[in-house]
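Here is the structure we will look at.
These numbers were taken from a predicted model, which means no experiment stands behind them. In what follows, every chain begins at residue 1, and chains take the letters A, B, ... in the order their sequences are listed. Below, each value reflects all heavy atoms present in this structure, side chains not excepted, and no hydrogens, waters or symmetry copies.
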There are 2 protein chains.
Amino acid sequence: MEISSTEENYLKAIYALQSSGDKPGVSTSSLSEHLNNKAASVTDMLKRLSDKKLIHYKKYKAVSLTKQGEKLAIAIVRKHRLWEVFLMEKLNFKWDEVHDMAEQLEHIKSDELIERLDAFLGQPKYDPHGDPIPNAKGVLPKPKTSALSNIQNKGHYIFVGVNEHHVDFLRHLTSIGLKIGDQIKIEEHNSYDGSYLIRINKKPGQYISHKVASNLLIEMKS
Amino acid sequence: MEISSTEENYLKAIYALQSSGDKPGVSTSSLSEHLNNKAASVTDMLKRLSDKKLIHYKKYKAVSLTKQGEKLAIAIVRKHRLWEVFLMEKLNFKWDEVHDMAEQLEHIKSDELIERLDAFLGQPKYDPHGDPIPNAKGVLPKPKTSALSNIQNKGHYIFVGVNEHHVDFLRHLTSIGLKIGDQIKIEEHNSYDGSYLIRINKKPGQYISHKVASNLLIEMKS
DNA sequence: AAATAAATTTAGGCTGGTCTAAAAATGATT
DNA sequence: AATCATTTTTAGACCAGCCTAAATTTATTT
Ligand SMILES: [Mn+2]
Ligand SMILES: [Mn+2]
Ligand SMILES: [Mn+2]
Ligand SMILES: [Mn+2]
């Protein structure tokens, strides 16, 4: 069964929304917003994906991926993230530059290609944004990370990923000298506005807004 | 101006046909054959490419690329060949395996990506089939090669490329132990059927049919 | 339980890219 | 020069993927 790039993007969007959201199932309107398409167009595509048995679809109900649909969605995520690693590790792009190219590369069709790319890159477990890379069987390393904003205690942590992938946010992190793998020491937490005073790799103190903190993923220093 | 992958494939086909053929200009029927599309579909697309000023098109006349069209066609050829080098040099694919993947990769849109890929690969001048790779400005190293079938004299030559890219032909060469860069010594030329007796890298004699010889590109041993 | 608001689907239309069948133009043959 | 064959274009249709506007269903208020 042939699957178009457009269909792949819908599957990926459904997968992303259903894993980010709390309740199971994804609404037409959330897909419409996520994909920058009108709701009517989404309904159209949902019927096609349903015909191909890639999603569970009942009129007016939230949709979800079938086993096959999820398998495909995860395969696309795997490709996207591996290509991002390639672009950064091999071609020296910055972490805020890789997304748009990966958005195209993820649709290249060849299982052999992606397995060889994986081997070439040394089977990385995480992409440049700290997102986990599913293995060839579709298994994701489930990370035990937390958003910085969920933590009030002072202490030492490691910055391992971002929740937000927009260029502006990534550039902001770069501008304050924060990159994946850095040590973060929480020195102060202001409970009235949720902001933090932190130290990055023992450098002078740095204020972080609640909004930024909510998009930083950290783990305990081991 | 946006150019679709389909349009890019047409431009590439026109470029290939106009450089292979003797007379200038490309016919609707030759494009139809090359692209496995019906002539009516080709006419349709020719009008669109003409509207975009990528080709010179007059009803019932052979078409040719404009300056802009040729620039784009060469850029696609560059991308195709650089990706083929990547697949072979970095991902260890065989020379008969790379074409279909490159056919997809050539349409990835990012000038920066292709320049970095070029640098990563060490600015190769030829692809795995011996085809010249245009530089970033679109200039092709014009090679002074000849088909083996054009040569009758005994002597020493170097195998530098192929005229035919089909998998079966490439596998045949691999099976007789012939690869790019090998030394070829012409020991005998049979003028009645155009076949050859050659030695590859000084190994025992090997018969080569006229058909095969016409698809082998060689140059004088320097 | 009605009324209103919001989400979703249907209906109809458009573009890109393909097709088949028929018409028109060009080229070759007598 | 007229006829026949080949090539090319036109006409009309279809599918994927999008849109707007209108109809329908579901959710929220009162
Ligand atoms: Mn995509
Ligand atoms: Mn990423
Ligand atoms: Mn192509
Ligand atoms: Mn090649």
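Following rounding to the nearest Å, A:E2 (CD) and D:dA16 (C1') show an atom-to-atom distance of 14 Å. For B:D51 and C:dG17, the CG to P distance is 12 Å, given to the nearest whole Å. Following rounding to the nearest Å, B:D44 (CG) and D:dA13 (P) show an atom-to-atom distance of 15 Å. One interatomic measurement links the two molecules: CG of A:L46 to P of C:dT8, which rounds to 10 Å at whole-angstrom precision. Remark: P of D:dG17 and CD of A:E8 are 11 Å apart, rounded to the nearest angstrom. Per the geometry, CG belonging to A:L11 stands 15 Å off C1' belonging to D:dG17, to the nearest Å. The nearest whole Å value for the distance from the CG atom in B:L31 to the P atom in C:dG17 is 15 Å. C:dT18 atom P lies 11 Å from atom CG of B:N36, rounded to whole Å.
Phosphate contact (OP1/OP2 of D:dT7, side-chain N/O of B:T28, threshold under 4.0 Å): absent. In this structure, A:Y60 does not reach the C:dA6 phosphate: none of its side-chain N or O atoms is under 4.0 Å from OP1 or OP2. Remark: B:Y10 is in phosphate contact with C:dT18, judged by side-chain N or O atoms under 4.0 Å from OP1 or OP2. OP1 or OP2 of D:dG17 has at least one side-chain nitrogen or oxygen of A:T6 nearer than 4.0 Å. Applying the 4.0 Å criterion to OP1 and OP2 of D:dC18, one finds that A:S41 has every side-chain N and O outside that range. In terms of phosphate contacts, A:S29 brings a side-chain nitrogen or oxygen within less than 4.0 Å of OP1 or OP2 of C:dT8. Checking the phosphate oxygens (OP1, OP2) of C:dG16, no side-chain nitrogen or oxygen of B:R48 falls inside 4.0 Å. A close approach under 4.0 Å does occur between a side-chain nitrogen or oxygen of A:K59 and OP1 or OP2 of C:dT10.
Ion pair B:R81/B:E106 not flagged as a salt bridge, since none of the NZ, NE, NH1 or NH2 atoms sits closer than 4.0 Å to an Asp/Glu carboxylate oxygen. Under 4.0 Å is where a charged nitrogen must lie from a carboxylate oxygen, and between A:D118 and A:R78 at least one such pair does.
Between A:K61 and A:S4, the residue anchored closer to the 5' end of DNA chain D is A:S4, taking for each the nucleotide with the nearest heavy atom. Between B:A40 and A:M45, the one whose closest nucleotide on DNA chain D sits nearer the 5' end is B:A40.
Contacts of B:N37 with the nucleic acid, taken as non-hydrogen atoms under 4.0 Å apart, involve only primed sugar atoms and P, OP1 or OP2.
A donor atom on one side chain and an acceptor atom on the other are not found under 3.5 Å apart for B:H210 and B:N190. In this structure, a donor-acceptor pair under 3.5 Å is present between the side chains of B:H129 and B:E84.
A:V42 places a side-chain heavy atom less than 4.5 Å from the side chain of A:Y10.
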